[in-house]
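The next block holds one structure in the form of structure tokens; read it before the comments.
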Amino acid sequence: MTENSVDNQTSPVPHGGRFFTAQHADPHALDTERLAVIGYGHLGRPFALNLRDSMAPRGAALTVGNVADEYADQARADGFAVLSIGQAVASADIVLILLPDEVIPEVFVTDIAPNISPGMAIVFASGYNLAYGLITPAEGIDILLLAPRMAGENARQRFLNREGFFAYVSVEQDASGKAWRRVLGLADAVGVLRAGAIELDARREADLDLFIEQTMGALLGLSIMTAFTVGVDSGIPPEAMVMEMYMSQEMEMVFRSFREEGFYRASSVHGPTALYGGFVRTMQFLPLDLGGLFRKVLAEIQAGQFARQFQAEREAGYPMLRQAEALSSGDPASEPIGRAEAHVRTMLG
Ligand code: NAI
């Protein structure tokens with residue numbers, strides 16, 4: 001498949017870019033390529049397992065590069081040959097860099113860049129480091145983006161169920177002349193193209209990802225915590241609060257109907273009381289100028305301010321991240337909301 005034939009056959013996305021499915025990938029795209037998966041964590045493990053299944057019987061053409069830690073042990077237990085990161089990079093034609101985003105700049109300089117040679121491809125699962133100038137890959141190599149919109153664990157399960165999962169793809173640098181063939185071949189082999197991939201460059205992929213996490217994601221979390229506190233303070237049982245907000249699955253159905261019915265149409269299935277109440281309260285909250293706050297967050301992300309802040313957080317030993325992790329990995333029974341969830345789970349068996 002030539003680069004032009006990729007252009008001619010894809011569906012255009014109405015506001016720019018292309019939409020790819022399995023029919024756009026050359027099933028032989030990886031036939032002569034040696035692959036290295038660098039990092040065997042949340043995404044590295046499912047990607048490596050999916051690639052090995054798709055590449056069989058050429059599974060030996062896939063190695064894992066990892067530091068000596070429990071992730072490397074897991075990769076060996078899963079039957080992979082595990083090399084040092086430098087050795088794995090040097091032995092491959094296509095290198096998938098699946099390390100934590102804030103770790104990549106350092107490892108890229110020490111272990112990856114010195115082992116890259118012309119004609120190779122490096123693949124990122126997030127546009128983050130490319131977008132904010134945290135790494136500067138050499139010329140003469142392909143630079144590819146394959147950024148799934150799916151948590152790693154689900155990426156494996158959906159692959160096994162033959163369902164696929166969405167991703168953004170782009171070619172940031174095409175030195176080999178076969179960059180699109182490579183990225184679409186990979187997208188197909190990891191299972192993405194059974195669902196589909198939208199073309200989006202690294203810059204916009206990174207801005208979009210951070211923007212939604214840091215606005216909608218942050219506010220959703222804050223809304224849940226605030227509603228819980230206010231509701232419980234007013235005498236509503238904590239168990240009823242968590243049931244109302246997520247344990248009953250009603251909210252999951254709301255998000256599902258956003259997808260299936262459409263965002264506005266989904267509201268119409270809730271009956272007049274919910275529709276009227278939601279509408280008038282939305283009007284009441286409008287003066288909060290969330291748009292202004294969101295624009296500020298996006299501007300900070302786009303200026304690279306967040307990326308610099310996160311690198312400084314790493315250099316300081318992750319003081320804020322540790323606080324966030326303590327909340328997410330601490331004993332749920334130490335928080336009223338966690339206790340309420342535990343009671344509901346017990347009640348529901
Ligand atoms: P992770 O935190 O699970 O990565 C763990 C891996 O990184 C292990 O192999 C570990 O040995 C290695 N590692 C950690 N610190 C290291 C260091 N200082 N030096 C060398 N190796 C080190 O990372 P995750 O979440 O899998 O993310 C990988 C990439 O995939 C990122 O670019 C992320 O944005 C992207 N991504 C992740 C998704 C997910 O579900 N977690 C979903 C979509 C994209």
Side-chain angles (χ1 to χ4, degrees), residues 36-51 63-78 80-89 95-115 122-132 134-135 137 143-159 164-170 172 186-187 190-192 195 197-198 200 202-203 205-214 217 301 306-307 310-311 313-315 317-318 321-322 324-325 328-329:
V37 170
I38 307 301
Y40 202 72
H42 294 102
L43 193 63
R45 182 173 188 234
F47 262 32
L49 293 169
N50 293 359
L51 284 169
T63 55
V64 170
N66 214 91
V67 290
D69 62 8
E70 68 275 18
Y71 296 95
D73 298 340
Q74 177 70 62
R76 274 189 209 96
D78 289 341
F80 286 102
V82 181
L83 304 176
S84 72
I85 293 177
Q87 286 170 333
V89 172
V95 178
L96 292 96
I97 303 178
L98 301 176
L99 302 171
D101 288 320
E102 79 283 8
V103 164
I104 290 175
E106 196 179 303
V107 179
F108 192 80
V109 170
T110 55
D111 298 286
I112 298 173
N115 292 294
I122 55 171
V123 188
F124 294 90
S126 148
Y128 187 90
N129 281 285
L130 296 168
Y132 308 118
L134 299 174
I135 55 166
I143 303 172
L144 312 175
L145 178 73
L146 172 56
R149 279 305 177 269
M150 187 60 64
E153 189 185 321
N154 297 338
R156 178 62 180 160
Q157 201 48 55
R158 291 182 71 92
F159 176 89
F165 47 97
F166 288 101
Y168 298 113
V169 289
S170 79
E172 302 289 312
L186 284 170
V190 296
V192 157
I198 291 182
L200 193 71
R203 180 67 211 223
E205 186 277 338
D207 287 348
L208 170 64
D209 185 42
L210 297 177
F211 177 57
I212 296 302
E213 278 168 9
Q214 295 177 22
I301 291 167
F306 172 77
F310 194 36
Q311 288 309 119
E313 166 79 6
R314 172 168 161 73
E315 277 149 33
Y318 295 116
L321 187 64
R322 296 286 171 256
E325 283 170 351
S328 62
S329 61

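Start at 1 and go down the list; that is how both ligands and their atoms are numbered. For the numbers below, each heavy atom of this structure counts, side chains included, while hydrogens, waters and symmetry mates do not.
- Looking from atom 11 (O) of ligand 1 to the surrounding protein, the closest heavy atom is Asp69 OD2, 2.6 Å.
- The shortest N/O to N/O separation between His42 and ligand 1 falls below 3.5 Å.
- Counting heavy atoms of neighbouring residues, nucleotides and ligands inside a 6.0 Å radius, atom CD of Glu325 exceeds 12 of them.
- The proximity of Met150 to ligand 1, defined as any non-hydrogen pair under 4.0 Å, is limited to the backbone.
- Residue contact check for ligand 1: Ala147 places no non-hydrogen atom closer than 4.0 Å to it.
- The shortest contact between atom 43 (C) of ligand 1 and any protein heavy atom is with Pro148 O, 3.6 Å.
- Asp73 places no side-chain N or O within donor-acceptor distance of the main-chain N or O of Arg76, the cut-off being under 3.5 Å.
- Close approach of ligand 1 to Gly39 (heavy-atom distance below 4.0 Å) involves ligand atoms 9 (O).
- Listed by number with element, the atoms of ligand 1 under 4.0 angstrom from any heavy atom of Asn66 are 8 (C), 9 (O), 11 (O).
- For ligand 1, the atoms sitting less than 4.0 Å from at least one non-hydrogen atom of Ser126 are 32 (O), 34 (O), numbered in the order shown with element in parentheses.
- With respect to atom 2 (O) of ligand 1, the closest heavy atom belonging to the protein is Pro100 CG, 3.4 Å.
- Residue-ligand proximity, Ala151 to ligand 1, at heavy-atom distances under 4.0 Å covers atoms 40 (O).
- For the atom pair CG of Asn115 and CD1 of Ile85, the computed distance is 10.5 Å after rounding to the nearest 0.5 Å.
- Between Val89 and Phe108 there is no side-chain heavy-atom pair separated by less than 4.5 Å.
- At least one N or O atom of Leu43, backbone or side chain, sits closer than 3.5 Å to an N or O atom of ligand 1.
- Of the possible donor and acceptor atoms, one in the side chain of Glu313 sits under 3.5 Å from a partner among the backbone N and O of Leu321.
- Side-chain contact of Glu102 with Tyr318: a donor-acceptor pair under 3.5 Å is present, judged by distance alone.
- Ranked by closest heavy atom to atom 40 (O) of ligand 1, the top entry among Pro46, Gly152, Ala155 is Gly152.
- Of the listed options Leu99, Leu146, Ile38, Leu99 places a heavy atom closest to atom 22 (C) of ligand 1.
- Looking at Val107 against ligand 1, only its side chain comes within 4.0 Å, counting heavy atoms.
- Relative orientation of the Tyr128 and Tyr132 rings is perpendicular, given thresholds of 30° and 60° on the angle between their planes.
- The nearest protein atom to atom 6 (C) of ligand 1, hydrogens excluded, is given as Gly41 N, 4.0 Å; this is a heavy-atom distance.
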Quick one, Arg149 with Glu205, criterion salt bridge (charged side-chain N to carboxylate O under 4.0 Å, His left out). Give me CA distance, side-chain angles, the key distance, then yes/no. CA-CA 11 Å; Arg149 279 305 177 269; Glu205 186 277 338; 2.8 Å; yes
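- When side chains are defined from C-beta on, Leu96 does not count as touching Leu144, because their heavy atoms never get closer than 4.5 Å.
- Among the atoms of Ile104, none of the N or O lies under 3.5 angstrom from an N or O of ligand 1.
- A donor-acceptor distance shorter than 3.5 angstrom exists from the side chain of Asn129 to the backbone of Asp101, with no hydrogens or angles considered.
- The protein heavy-atom contact nearest to atom 44 (C) of ligand 1 is Ala125 O, 3.6 Å.
- Side-chain polar atoms of Tyr40 and Asp78 form a donor-acceptor pair below 3.5 angstrom.
- Atoms of ligand 1 lying under 4.0 Å from any heavy atom of Tyr40, numbered from 1 in the order shown and given with element: 8 (C), 9 (O).
- Of the heavy atoms in Val103, only side-chain atoms (C-beta onward) come closer than 4.0 Å to ligand 1.
- Atom 20 (C) of ligand 1 has Val67 CG1, 3.6 Å as its closest protein atom, hydrogens excluded (heavy atom only).
- Two residues are said to be in side-chain contact when any heavy atoms from C-beta on lie closer than 4.5 Å; Asn154 and Phe165 fail this criterion.
- Contact check for Phe124 versus Ile104: side-chain heavy atoms found under the 4.5 Å cut-off.
- Considering backbone and side-chain N/O atoms, Asp101 comes within less than 3.5 Å of an N/O atom of ligand 1.
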